[in-house]
There are 2 protein chains.
Amino acid sequence: MATMRDVAKLAGVSLATVSFAINNTKPVAPATLERVREAMDTLDYRPNAIARALASKRTRIIALLFPMEDHSLSGTALKFFTAAAEAASELGYNLILWPGDNGAEHIDRVVSNGLIDGVILMEVHLDDERVVRLRELGVPFTLIGRTRELSGISYVDVNFEGAVIDALARFEALGHRSIGIVFDDDGDPGTSDYGPVARTRDTYLERMRAIGATPGIFSCAESSSAGRALVPRILAEMPDVTALLLINEHASPGIVSALAAHGRPVPEAVSVLVVGASVDIVSAADPELTVYESPSRELGRRGVRDLIQRLENPNLEPAAALVDCRYVDVNSIAPARPRA
Amino acid sequence: MATMRDVAKLAGVSLATVSFAINNTKPVAPATLERVREAMDTLDYRPNAIARALASKRTRIIALLFPMEDHSLSGTALKFFTAAAEAASELGYNLILWPGDNGAEHIDRVVSNGLIDGVILMEVHLDDERVVRLRELGVPFTLIGRTRELSGISYVDVNFEGAVIDALARFEALGHRSIGIVFDDDGDPGTSDYGPVARTRDTYLERMRAIGATPGIFSCAESSSAGRALVPRILAEMPDVTALLLINEHASPGIVSALAAHGRPVPEAVSVLVVGASVDIVSAADPELTVYESPSRELGRRGVRDLIQRLENPNLEPAAALVDCRYVDVNSIAPARPRA
DNA sequence: ACAAAACAGTGAACCGGTTAACTTTTTGGT
DNA sequence: ACCAAAAAGTTAACCGGTTCACTGTTTTGT
């Protein structure tokens, strides 16, 4: 493999000049530039990323930190990963995948060996010790999600609240008043401090209060069978339910089929909307369900872009982006018909 | 951040001794070792991965190459990714995620900058130009999947044939003779050279010939609705079908519900087995389906382990591992009952 | 026509480790 | 005791780039 030294020799210039020519760090005369280019071509020269990193103290590697005790690491996560890796690649960066427990020591291990320029943090909690540690260490980072305290923090998050508000408005417009909500199981939805759950729950409760309806909050594991098993509980606690807002993508198909089995077909008897899922997964329900699709790709791209931009220009403003879900309508809601 | 130089000074030894102490590359007297350890502790020293990589010409980074024009990059892929990253992490390596088109130039870009010690290649085709290129370049690699020509190549693959043989045997034992098979759409299953498809198809055809049954090969896109849409075609071409082998996980729920809608409930009228899917996704079908679950985690771990072992000991034998699917039985098959 | 400024290019230190070759000290056999 | 061999350490070159301070040459303004 040819080195810069070889190129310099062949082009009849100094090492430094080659470096300047490559990075155009300093102006180089057109003729010289041409000679260097030719030399690089004939030698099939590729700059060595490691040497470059050592000398410049910038590795152009960013880490994607995600927890292994995943919940919601589902269909959307994969899209997120690939979109993030693509975006990084387009900008000349590399994305390292870093699974791990949550926790501050984990951060230390990732960062301390100097391999990484910055971090993308997934599955952020409202109070997240990893964020604290990253700040202490002075490592640039961008959140996917939001902490409670956001001053000076760069984040890209899904606009769950917006989707919930929109969904509830649609239900209400169709005359629904008895509207239940279904979360996944990790962290009691009553107390969870996982951002999307907490915010969605609050938005829901507030709206229910506003229209004077009794809220019905449920949760089950992230699986279709858990969804099926949950339905009797829902019908017992909320016998007059006419609409369900699902925040649990994997459970959705099971919920729908169990509703039908209990004589409450969707959408005739119960209207259903899903928030923050991937269409791939939810379309397994029969009938298919209208979804506020999680903008995973967008999230991945935006997160990575923001981080890299700020790496290259540290005094840039932190990002504060809320990305809307896409409403994918397949008519799984209908006017409320009170049960005979 | 403390450097080795600092440690050496504090411990009163030379740079080299510190290096030997850290990597135990050369014996160091116990007393000296202790002093070095202490110095490292008090300085909170972490070796710099980049400098180490430059000097030792080993980055301890491996790349996971996966195509973006995915098919089957589905529920199983995510598990695969995280298992691979975990395994790498446990062995002190880092996993870079590298999406891209297929193609040999893609390989060049990944490898040429010296950032990477080895490559894990996903979604391997029977004749894969990337494999050729990797060999030319002399880059260590491990396949997830298998090429046609395997001499000297390290691979870890799912034992699809085994699963298909087992599944067909179960069908036959229950008296089924009219057995259809459903692939996903990428690459006509009649001619595809994507390994799993090609091998599965061949195994199926061979077995059908053996029992003197007429084969029925179908395919549709990787979605539940495509599955639903496919059912009428299946029933038209194979009106007497009593068993279906599905190689298309996302389509499975749709196929099941459409079968029911056409008066052929599963498993009473049609027995169904799914090969190479993830339980998460297929369990969305109602009733749930018996699955030969794709051993994605195992695949990820084994692939990474093999690659790293061979990086550290280049004259190790290449891996040649076929990993069995796990049979997850939920009774979606029943004795054949010829249609009235 | 001449000093000042702008432009091209070079040399060498440096990033933070690894490792081969060499020196010094210790050990052991006779 | 004495010498050869083993053990423990050290020195310095090297990995392949980046970048700062500097030199020599050309351009510009007046």
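Every chain is numbered from 1 and lettered A, B, ... according to where its sequence line falls, protein lines coming before strand lines. Any value given below was found using the heavy atoms of this structure, including those in side chains, with hydrogens, waters and symmetry copies removed.
If you find the closest nucleotide of DNA chain C to B/Ala16 and to A/Ala51, the one lying nearer the 5' end belongs to A/Ala51. Nearest-nucleotide assignment on DNA chain D puts the 5′-proximal partner with B/Phe20, out of B/Phe20 and B/Ala55. Between B/Lys57 and B/Val28, the residue whose closest nucleotide on DNA chain D is further toward the 5' end is B/Val28.
Between B/Thr32 and the phosphate of D/dA8, there is no side-chain N or O to OP1/OP2 separation shorter than 4.0 Å. For B/Ser14 and D/dT11, the shortest distance from a side-chain N or O to OP1 or OP2 is not below 4.0 Å. Between D/dT18 and A/Asn23, a contact under 4.0 Å exists linking OP1 or OP2 to a side-chain N or O. A sub-4.0 Å separation between OP1 or OP2 of C/dT10 and a side-chain N or O of A/Thr17 is present.
Within the 4.0 angstrom heavy-atom criterion, only backbone atoms of the sugar-phosphate kind lie near B/Val13; the bases stay farther away. Backbone-only engagement by A/Thr3 is indicated by non-hydrogen atom pairs under 4.0 Å involving sugar-phosphate atoms exclusively. Residue contacts for A/Ala29: at a heavy-atom cut-off of 4.0 Å it reaches the sugar-phosphate backbone alone, with no base atom in range.
Under 3.5 Å, the side chains of B/Asn23 and B/Arg52 contain a donor-acceptor pair of N or O atoms.
In this structure, A/Lys26 places its NZ atom 10 Å from P of C/dA8, rounding to the nearest Å. Rounded to whole Å, atom P of C/dC15 lies 18 Å from atom CG of A/Asn48. Here C/dG16 presents its C1' atom at 9 Å from CG of B/Leu15, a figure rounded to the nearest Å. Atom pair A/Asn24:CG and C/dA8:P shows a separation of 13 Å (rounding to whole Å applied). What separates CG of B/Leu115 from C1' of D/dG17 is a distance of 14 Å, to the nearest Å. The CZ atom of A/Arg5 sits 9 Å away from the P atom of D/dG17 (whole-angstrom rounding). Rounded to a whole Å, the CG atom of B/Leu54 is 7 Å from the P atom of D/dG16. One interatomic measurement links the two molecules: CZ of B/Arg52 to C1' of C/dC15, which rounds to 17 Å at whole-angstrom precision.
Remark: A/Arg46 CZ to B/Asp108 CG distance equals 6.0 Å, nearest 0.5 Å.
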Self-check item: Stepwise salt bridge (Lys or Arg N to Asp or Glu O under 4.0 Å) test for A/Arg305 and A/Glu298
Solution: CA-CA 10 Å; A/Arg305 285 230 176 105; A/Glu298 182 75 4; over 6 Å; no

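A distance-only check finds no donor-acceptor pair linking the side chain of B/Asn48 to the backbone of A/Gly114 [under 3.5 Å].
Summarising the local packing, CZ of A/Arg58 is surrounded by more than 12 heavy atoms from other residues, nucleotides or ligands at distances under 6.0 Å.
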